[in-house]
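Since the structure comes first, as structure tokens, the remarks are kept for the end.
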Number of protein chains: 2
Amino acid sequence: MSDNKSKFLAEFPKIVDELKQDLAQYGMPSDAVEWYERSLNYNTPGGKLNRGLSVVDTFAILKGTTATQLPSEQYSKLALLGWCIELLQAYFLVADDMMDRSITRRGQPCWYKIEEVNEIAINDAFMLEAAIYKLLKSHFRSEPYYIDLVELFHEVTFQTELGQLLDLITAPEDKIDLSKFSPAKHSFIVIFKTAYYSFYLPVALAMYVAGISDPKDLKQAQDVLIPLGEYFQIQDDYLDCYGTPEQIGKIGTDIQDNKCSWVVNKALELANAQQRKTLDENYGRKNADSEQACKKVFQELNIQQHYLQYEDSVAKELKTRISQVDESRGFKQAVLTAFFDKIYKRSK
Amino acid sequence: MSDNKSKFLAEFPKIVDELKQDLAQYGMPSDAVEWYERSLNYNTPGGKLNRGLSVVDTFAILKGTTATQLPSEQYSKLALLGWCIELLQAYFLVADDMMDRSITRRGQPCWYKIEEVNEIAINDAFMLEAAIYKLLKSHFRSEPYYIDLVELFHEVTFQTELGQLLDLITAPEDKIDLSKFSPAKHSFIVIFKTAYYSFYLPVALAMYVAGISDPKDLKQAQDVLIPLGEYFQIQDDYLDCYGTPEQIGKIGTDIQDNKCSWVVNKALELANAQQRKTLDENYGRKNADSEQACKKVFQELNIQQHYLQYEDSVAKELKTRISQVDESRGFKQAVLTAFFDKIYKRSK
Ligand SMILES: [Mg+2]
Ligand SMILES: [Mg+2]
Ligand SMILES: [Mg+2]
Ligand SMILES: [Mg+2]
Ligand SMILES: [Mg+2]
Ligand SMILES: [Mg+2]
């Protein structure tokens, strides 16, 4: 594990302690305090932590330094905001796994799959979200940008819920209807469900703390990070179909799961009547033959080629936008370049 | 329906319209906008609306007027806060019904029981909560007490979630263990799960808008409203066991549902070894004979008598507290008396 990541992880137990003390101060019995502790620890760390780490890294770039060189108090404050994003993600994932009826997450049973937990996971998800506002209040209440942080979390949370809703009603696993899919819906789902909280949120949080939060600068950040987040998810969709299990660390299941993926949307755009019929009859079906039939259509339509074209053009466009970012108020192109470089042509 | 209630109800379609327009402005496709509209209308009105109405009524009392005499713009603003409480309640109830695996709510199927909805209800609950902060932002952002409203909703939401958690782990329907019950836990569950959002929240909201929100006054309100809310729930527990179906509009099920009710807690406090054994063997069992065996123990222990004693003493204490409320900064005893009178010796 990188030093960066282990330093960030070392902040989490302090946060859990603070939240436990908060519960104890309400007079919560110890079994309930332990329950909350277990939910926090089970659901929050354990992912890649890219979102959380990005808050610290972005702040460091804005201040012309590195994460490791930040004074320890300042580091903890930024890391706490990073952990707030991880808590937000935990809130979404606990719920998403229930809604998707998933079995495992990050190599362990989904939280709601634990026998004693079950539907209590819903209230646990609520309490993961509530932790964000507890922490913001206790650490940022006296800052002039406190209300901006609170409103930003509200806004991004709502955007993510909008993306989730559209995803859920467009591509339910048990009711396949490809006529509901469209490139516009795919773009909306991806941007709202992923890009805002994963790409824009960490940068915007760091910008507020750094005092570089002119609406023009927030817009400059958003104008790059949202299409970058969309590109990231399109890569994810692409790799689900075309990545090797060694590359992506799992076997892709989007076709069998009726996912409103970039791949199928591109195919629907290009398909002739016969190919469309094949997709209608095979997409979202839970068997290998149907999956193969879809993949054959994708092959005929040269989806891989179309992906590479999309990737080239979006990369070019993003590089141009980044190079045109106005740094006069203190915002830095390097913040965006750091994100771009992590994502461009990744294979996992 | 009272004029008061129909006037309040007439505000809701405006709120739904505002939220729909908000979604449209994000570019949400119309099927998703309609989904949200349906969830808002299905889950938010339809209850007694006491909480929402209390915001308007409290404000009117503080201003020495009545709800009907408020200028229409002011009425709408207070009613909007009332609807924010109803949205908060909708968020809790959608989730509570899933966690309790309930079948109906307010004479219709629970939202998650609707065939197309199912687990999507979780995300719908999230979006009911998010509506609160959307509305606060669009209607109160320029008020000096805006952050107080936001923090109050966060705080009360968290308190309710704490009560819900303790309730869920103390009294799961399928794992009966009366040794987990205690009067202290009952009191915590009731106060946190119900009293804060149902009694304190409406009054505190009205106090902020009226500009009568000195921490001393908020504390005066809380010191009466929290025990009053506890009393209300204890009545509810009592009526579930001793009210006639005509009185309470349903057949009580707390005994069969293994509820951590005031009645069983009082009985556990007073039971001898034999009676305790009967309760251990029969409470929470889903059959009429076991229920009768529990009721027989309650009878032997004179629970009704103990309830009347509790009611007398809490009523006396609350009347004393109300009479001692300091009105010098503008807070009024009449606010608390109005609540007290609605609840004392109610039979439904
Ligand atoms: Mg999922
Ligand atoms: Mg999902
Ligand atoms: Mg994927
Ligand atoms: Mg229930
Ligand atoms: Mg319940
Ligand atoms: Mg009851």
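No experiment lies behind these values; they were computed from the predicted model shown. Chain naming here is simple, since letters A, B, ... match the order of the sequence lines and numbering starts at 1 in each. These numbers come from the heavy atoms of this one structure, side chains and all, not from hydrogens, waters or symmetry mates.
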At a heavy-atom distance under 4.5 Å, which candidate from [options] has the highest pair count against chain A?
options: B:L165, B:L23, B:L166; answer: B:L165
options: B:M99, B:M98, B:M127; answer: B:M99
options: B:P29, B:G163, B:P172, B:A95; answer: B:P29

When rounded to the nearest 0.5 angstrom, what is the spacing between CZ in B:F126 and CZ in A:F126?
6.0 Å
Is there any N or O donor on one of chain B and chain A with an acceptor on the other under 3.5 Å, and could you list each such pair with its distance?
unit_1	atom_1	unit_2	atom_2	d
B:Y26	OH	A:E155	OE1	3.3
B:Y26	OH	A:E155	OE2	2.4
B:D31	OD2	A:K185	NZ	3.4
B:R101	NE	A:E119	OE1	3.4
B:R101	NE	A:E119	OE2	2.9
B:R101	NH2	A:E119	OE1	2.8
B:R101	NH2	A:E119	OE2	3.3
B:E119	OE1	A:R101	NE	3.4
B:E119	OE1	A:R101	NH2	2.8
B:E119	OE2	A:R101	NE	2.9
B:E119	OE2	A:R101	NH2	3.3
B:N123	ND2	A:E161	O	3.1
B:K134	NZ	A:E155	OE1	3.3
B:R141	NE	A:E151	OE1	3.1
B:R141	NE	A:E151	OE2	2.8
B:R141	NH2	A:E151	OE1	2.5
B:R141	NH2	A:E151	OE2	3.3
B:Y146	OH	A:E151	OE2	2.5
B:E151	OE1	A:R141	NE	3.1
B:E151	OE1	A:R141	NH2	2.5
B:E151	OE2	A:R141	NE	2.8
B:E151	OE2	A:R141	NH2	3.3
B:E151	OE2	A:Y146	OH	2.5
B:H154	NE2	A:H154	NE2	3.0
B:E155	OE1	A:Y26	OH	3.3
B:E155	OE1	A:K134	NZ	3.3
B:E155	OE2	A:Y26	OH	2.4
B:E161	O	A:N123	ND2	3.1
B:K185	NZ	A:D31	OD2	3.4

